[in-house]
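Remember, it's 1-based here, ligands and their atoms both numbered in the order they're listed. A quick note: this is a predicted structure, and the numbers were derived from the prediction, not measured.
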Amino acid sequence: MTTFKSLGLNTELLSAVEKLGFEAPTEVQEKVIPLLLEKSTDLVALAQTGTGKTAAFGFPMLQKIDPNKRVTQGLILSPTRELCLQITNEIGLYGEKLRNINIVAIYGGANITEQAKKIKRGAQIVVATPGRLKDMIRRKLVDISAIEYCVLDEADEMLNMGFYEDIKSILTHTPKDKSSWLFSATMPKEVSTIAKKFMHDPIEITVGTKNSGAKNVNHQYFIVGARERYNALKAVIGMNPAIFGCVFCRTKIETQKVAEKLIHDGYKAAAIHGDLSQNQRDAVMQSFRKKKIQLLIATDVAARGIDVDDITHVVNYQLPDEIETYTHRSGRTGRAGKLGTSVLFVTKSDRRKIKLIENKLQTKLTELEIPKPEEVFQFKMTHWVEQIKTTPIKSDLHPYLSKVVQDLEGFSKEELIELFLSKEFQTFNFNAKPLEFTNESSSEGRPERTINASKDKDRFFINVGARDQYDWQNLKDFLRSFLKLDQDDVFQVEVMKNFSFFSTHNKHRDLVLKSFQDLVLDERKVNVELTKKGKTYSPKKQFSKGKNKRKSRF
Ligand code: AMP
């Protein structure tokens, strides 16, 4: 077995490897690390996210730069703020044992002066998104004229996002004799153009098959009617109770609609799309990463840079237009040596596209039938039993045990199990047709009104959540009484750890925004924002500041 030591890493980096618990190098690391350590070469590496590529370029860069020089020696360009922060964090961990190494992230949507200050203190490695970096170069807040190593990470994504001109301009500020390392999941024409134009005889490395989905992803598809997607999704969730998944939709409206339906049906789901502000997107992503959310419903654009390990399933609610997009979507699962599943819902007329995907990916997609209610039940029951068997005993309950044992004395073990089972699966509908059985509601007891993503509805973000002792019921009660609205006027209340969402009819918009203006609760400014069609209105922007700060407890 190849070891990290045999790849040529120094003792400091090896001790970080040990601390991180990496047992053996991944394929891309095995191919790339020795090459970059030994040679000053340009490199084009075709590798998906999740293959360990950050370490593949991160370790050689850390080992090669001189920590005694404060000048910026390594530059890593990445498509999104999310990914930029992740790379900075990962490389920070890899270089933890190296002294005097500063790694600074620069990205849009955050305070530029703060970032400039950090650079000024000396950053040997800068991880940047192209737009912000270009801006900072123009303002002379960063100097990349002496870099020795330049990484273009997720090059295909950067070009997809229209960063070609920015990248071109950035590269003109770098020395000609630097080493450039380009990483990309796919190799469209635009990426080869960049490689030809800006690199000198790059060595090309491919991990897995060129342009293919990750090897450890199992691709499955269901033939569904156009209106059956939602029930098919619930069937997939039903068959995989421990699912931690990302569902891709084509439009923002669809994304929101699917998330709302899932929330209404009692799942921990949230939507991420371009109508959310950056802060809201960060908050949703954080909840997803911490597994407070089980299902993330995303548009392709919003999902760029989603780099979350352990995603068990990617669901293609609709087929994407481009096969390359399918590669990106399915690359979100099956990461770091784990197995993942990519599920596609296709209508009969789209069936031929399956062949195209198979040809492109050089992989067979398995057709599955929507499971029958009995099969779903079997799965749910097995999962339930497993959960019971592994539930930690809550010792606080001991004093009450004997009373319950006494109350249930007359029942046999079988009778008790039957009772518990019946209680748990009371609403399960065994007679439904395959695509209808999912109507069984796991949201029993939630009197929330279902409404469609209608144009009359406003959805608000509020910066209080479960850590403030809220659940959807008491937050709804608070909002109703605070806003003096009726029971049905506040709906679809969705509580996360640090923040929540709720909806009202849009005739209440001004009332909601005005009421929360300058509201301070427990020493904290409550922030309510409206998300609508790409704009975020906040009370601050809409209304003048009130003088009297209201105080209230909830
Ligand atoms: P990346 O492709 O760089 O985004 O890496 C995906 C994940 O794999 C990250 O969470 C890394 O910490 C992890 N990882 C990287 N290299 C290894 C390795 N050799 N063994 C186990 N996990 C790894």
Under 4.0 Å from a heavy atom of Ala24: give me the atoms of ligand 1 that qualify, with their elements. 18 (C), 19 (N), 20 (N)
State the atoms of ligand 1, each with its element, that fall below the 4.0 Å cut-off from a heavy-atom position in Thr54.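 Near Thr54, the atoms of ligand 1 are 1 (P), 3 (O), 4 (O).
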Compute the shortest N/O to N/O distance between Thr51 and ligand 1 and return yes if it is under 3.5 Å, no if not. yes
For ligand 1, the portion of [X] having any non-hydrogen atom under 4.0 Å away:
X: Ala47; result: neither
X: Gln86; result: neither
X: Phe4; result: side chain

Among Phe59, Phe198, Phe57, Tyr149, the one residue meeting ring pair (Phe, Tyr, Trp, His ring centres under 6.0 Å) with Trp181: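 Between Trp181 and the candidates, ring pair (Phe, Tyr, Trp, His ring centres under 6.0 Å) is satisfied uniquely by Tyr149.
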Salt bridge check: are Lys291 and Asp310 linked by an N-O gap of less than 4.0 Å?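 A salt bridge links Lys291 with Asp310.
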Could you list the donor-acceptor pairs under 3.5 angstrom formed between side-chain atoms of residues 168-175 and any protein atom two or more places apart in sequence or on another chain?
{"unit_1": "Thr172", "atom_1": "OG1", "unit_2": "Ser169", "atom_2": "O", "d": "2.4"}
{"unit_1": "Thr174", "atom_1": "OG1", "unit_2": "Leu171", "atom_2": "O", "d": "2.6"}
{"unit_1": "Thr174", "atom_1": "OG1", "unit_2": "Lys178", "atom_2": "NZ", "d": "3.1"}

Between Pro25, Gly52, Gly21, which one has a non-hydrogen atom sitting closest to atom 5 (O) of ligand 1? Gly52
Who passes side-chain hydrogen bond (donor to acceptor under 3.5 Å, both in side chains) against Glu367, sequence neighbours left out?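 Glu367: side-chain hydrogen bond (donor to acceptor under 3.5 Å, both in side chains) contacts with Tyr221, Arg351.
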The test is salt bridge (Lys or Arg N to Asp or Glu O under 4.0 Å); show your working for Glu154 and Lys53 and say whether it passes. CA-CA 10 Å; Glu154 306 228 345; Lys53 64 186 168 56; 3.6 Å; yes
Parallel, tilted or perpendicular: which describes the rings of His219 and Tyr326, with under 30° parallel and over 60° perpendicular? tilted
